[in-house]
Number of protein chains: 2
Amino acid sequence: MSEGVEWALHTCLNLAWVEEDRSVPTSTLAAFYELPPAYLNKQLQALVRAGILASTSGPRGGFRLARDPGKITVLDVVAAIEGPQEAFECAEILRQGPGGVPGVDYRKICVISQTMRQAELNWRRELAGRTLADLKSTVEERFPAVPGQTRHGLTNTRT
Amino acid sequence: MSEGVEWALHTCLNLAWVEEDRSVPTSTLAAFYELPPAYLNKQLQALVRAGILASTSGPRGGFRLARDPGKITVLDVVAAIEGPQEAFECAEILRQGPGGVPGVDYRKICVISQTMRQAELNWRRELAGRTLADLKSTVEERFPAVPGQTRHGLTNTRT
DNA sequence: GCTCTGGTACTCGGATAACTCGTGTCCGAGTTCTATAGG
DNA sequence: CCTATAGAACTCGGACACGAGTTATCCGAGTACCAGAGC
């Protein structure tokens, strides 16, 4: 899995702590974790295309969450970076086998495909059940200092 | 995820239907699904290194299951091909952040890492709960003709 | 007829290329702010 | 003093290189079988 997923998740969570109308530029977001700014920008573009973030050009521009943190799931962010296709892509090799029939959808018949699909479905279901708001409240409970530090680090117009 | 996983799973399941002492060469296994023989051989080597398959050189040689199908889980096969590392590899970018402390293991502290790890753990747990014997019996129940076809296709010394 | 031996054919195993995709970077399009000149 | 305007600075967005991992292939090492010669 791409490491951009980790960057995207942390960045979205950080954005959940700044004022809703305020945008944060890529340079600031990247400096927060010492990430390569241009590449992080590329990842954030994908989040914009997925409708998770909204972007603004020009001075005072940057990125902000496109909707309420409670309406953004972890799966949304992962799918935006990794793409919609599932990890185990069944190539239906059974079709080439002895009992292969052209008209059959082996993704639904094949027991192996079913097993892998079911496991991945549960994985997605778990990630779809966790929203940014959940992560936010959990962190605030365990590390009360983090929200203030984050907001300060992202809104301070820096050197 | 590598498509070699699909090949390995189908091949292992097929090997579960041939007599236990009989070995099947790569050429026969590859011809069964019209796969590239040399590349399939490479994947099977990984299964041998993982202790899932056993190999024999020379005439009448080939591959066979190294242990009982009930003792081989789907996760074993997946891990043998994909490697032991997990999909979401936490790079601990929090360490580079404002509140970063060198001695802390952020893989255990970070809420995002915990979430991703938990989801993936469930995924592994599900795959670890399915053995080749389970798949075998399910297929035999739904498609009674498959075992005979498979055994015949793999044990027939052909052109 | 039995046994030993050399050869042959067959199979795995690792070393070797081609290619796709993830990683990283750069410059242009668009927007806002500001300073200045004019009324 | 107020306003319009031209310039400049800042930011996103997509286009352009680089490298690692996957995909694919080939040839050598090792082994079992077989044929033939000797006893």
Side-chain angles (χ1 to χ4, degrees), chain A residues 1-8 11 15 21-31 33-64 66 78 80-85 87-89 91 93 154 157-159, chain B residues 1-8 11 15 21-31 33-64 66 78 80-85 87-89 91 93 154 157-159:
Chain A
M1 181 172 298
S2 171
E3 68 176 336
V5 172
E6 186 180 1
W7 302 359
T11 300
L15 284 174
D21 58 344
R22 180 139 191 179
S23 293
V24 183
T26 303
S27 58
T28 304
L29 292 169
Y33 294 125
E34 300 180 7
L35 302 176
Y39 190 33
L40 177 63
N41 189 337
K42 187 179 179 65
Q43 309 285 3
L44 298 182
Q45 286 176 30
L47 295 178
V48 172
R49 278 192 292 268
I52 296 171
L53 296 185
S55 62
T56 308
S57 289
R60 308 286 298 168
F63 293 93
R64 64 190 179 280
V78 172
I81 302 295
E82 286 291 295
Q85 71 283 2
F88 180 82
E89 188 78 16
I93 64 175
L154 292 184
T157 58
R158 16 115 289 113
T159 148
Chain B
M1 180 172 298
S2 171
E3 68 176 336
V5 172
E6 186 180 1
W7 301 0
T11 299
L15 284 175
D21 58 344
R22 180 141 191 177
S23 293
V24 182
T26 303
S27 58
T28 304
L29 292 168
Y33 293 125
E34 301 181 7
L35 303 176
Y39 189 34
L40 177 62
N41 189 338
K42 186 177 179 64
Q43 309 285 4
L44 298 183
Q45 286 175 29
L47 295 178
V48 172
R49 278 191 292 270
I52 295 171
L53 298 185
S55 62
T56 309
S57 290
R60 307 287 297 171
F63 294 92
R64 64 191 179 281
V78 172
I81 302 294
E82 287 289 296
Q85 71 283 6
F88 180 83
E89 188 77 18
I93 63 176
L154 292 184
T157 58
R158 11 126 290 119
T159 144

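Sequence lines set the chain letters: A, B, ... in the order given, protein chains first and strands last, and positions in each chain run from 1. A quick note: this is a predicted structure, and the numbers were derived from the prediction, not measured.
If you take CG of A/Leu35 and P of C/dT25, they are 11 Å apart, rounded to a whole angstrom. At whole-Å resolution of the value, CD in A/Glu3 and P in D/dG19 are 17 Å apart. In this entry the distance linking CD of B/Gln43 with P of D/dA24 reads 9 Å, nearest Å. In this structure, the CZ atom of A/Arg22 is 17 Å from the P atom of C/dT32, given to the nearest Å. As rounded to whole Å, 11 Å separates atom C1' of D/dG21 from atom CD of B/Gln85. Look at CZ on B/Phe88: it is 16 Å from P on C/dG22, rounded to the nearest Å.
Every pair passing side chain to side chain donor-acceptor pair (under 3.5 Å) that includes a residue from residues 36-48 of chain A is listed here, sequence neighbours excluded: A/Tyr39-A/Gln43, A/Asn41-A/Gln45.
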Practice problem: If a protein heavy atom is under 4.0 Å from the base, mark B; if only from the sugar-phosphate, S; if neither, -; do that for nucleotides 6-21 of chain C going 5' to 3'. | Solution: ----BBBBB-------
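Annotation: ring-ring contact (aromatic ring centres under 6.0 Å, His included) contacts of A/Phe88 (sequence neighbours excluded): none. Applying the side-chain contact (heavy atoms from CB on, under 4.5 Å) rule to B/Ala66 yields the partners B/Ala54; only residues at least two apart in sequence or on another chain are considered. Qualifying side-chain hydrogen bond (donor to acceptor under 3.5 Å, both in side chains) partners for B/Ser23, counting only residues two or more places apart in sequence or in other chains: B/Arg64. Judged as a side-chain contact (heavy atoms from CB on, under 4.5 Å), and not counting sequence neighbours, the contacts of A/Glu89 are A/Gln85, A/Glu86.
Summarising the geometry of B/Leu29 relative to B/Leu44, their closest heavy-atom pair is CD1-CD1, 3.9 Å, with the distance given to 0.1 Å.
Close to D/dT23, at under 4.0 Å from its OP1 or OP2, lies a side-chain N or O of B/Tyr39.
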